[in-house]
Chemist: 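Starting off with a structure, shown below.
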Amino acid sequence: MEFTALFLAIIVVMLVAWRGPRSLALTLFAAVLLVSVATYLHHATDTLKLSF
């Protein structure tokens, strides 16, 4: 679900970058980038439960 929200947020940023003011687009891009990195770090630190 969180990846869907990130994808939709990126779409919103692209639409704002296309139609809206540049400063708003850059601010939204920075926010989405920070959330993406936080999501990556959250999942990258999970231990994998593998059994071979």
Chemist: Any ring pair (Phe, Tyr, Trp, His ring centres under 6.0 Å) involving residues 7-36? Give me the pairs, sequence neighbours left out, ordered by first then second residue.
Modeler: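 Matches after skipping sequence neighbours: none remain.
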
Chemist: Which residues end up grouped with L34 if you chain together Ile, Leu, Val, Met, Phe, Trp and Tyr wherever their side-chain heavy atoms are less than 4.5 Å apart?
Modeler: none

Chemist: Can you list everything that forms a side-chain contact (heavy atoms from CB on, under 4.5 Å) with V32? Sequence neighbours excluded, please.
Modeler: A9, I10, V13, S36

Chemist: Check whether L33 and V12 end up in the same hydrophobic cluster, where Ile, Leu, Val, Met, Phe, Trp and Tyr are linked by side-chain heavy atoms less than 4.5 Å apart.
Modeler: yes

Chemist: Among L26, T27, L28, exactly one meets side chain to side chain contact (heavy atoms under 4.5 Å, CB included) together with V16. Which residue is that?
Modeler: L28

Chemist: Considering non-hydrogen atoms only, spot the tightest contact between A17 and A25 and give its length.
Modeler: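 Closest pair (atom of A17, atom of A25, distance): CA-CB, 3.6 Å.
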
Chemist: Test of understanding: with side-chain contact (heavy atoms from CB on, under 4.5 Å), list the residues that count as partners of L8, not counting sequence neighbours.
Modeler: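 Applying side-chain contact (heavy atoms from CB on, under 4.5 Å) to L8 gives T4, I11.
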
Chemist: Provide the closest heavy-atom pair for L41 versus T45 in the form atom of the first, atom of the second, distance.
Modeler: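 So the two residues come closest at O-OG1, 3.1 Å.
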
Chemist: What pairs of residues pass the ring pair (Phe, Tyr, Trp, His ring centres under 6.0 Å) test when at least one of them lies in residues 33-52, not counting sequence neighbours?
Modeler: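 Pairs touching residues 33-52 that pass the test: F3-H43.
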
Chemist: Once rounded to the nearest 0.5 Å, what's the spacing between atom CG of L6 and atom CE of M1?
Modeler: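 If I round to the nearest 0.5 Å, the distance is 11.0 Å.
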
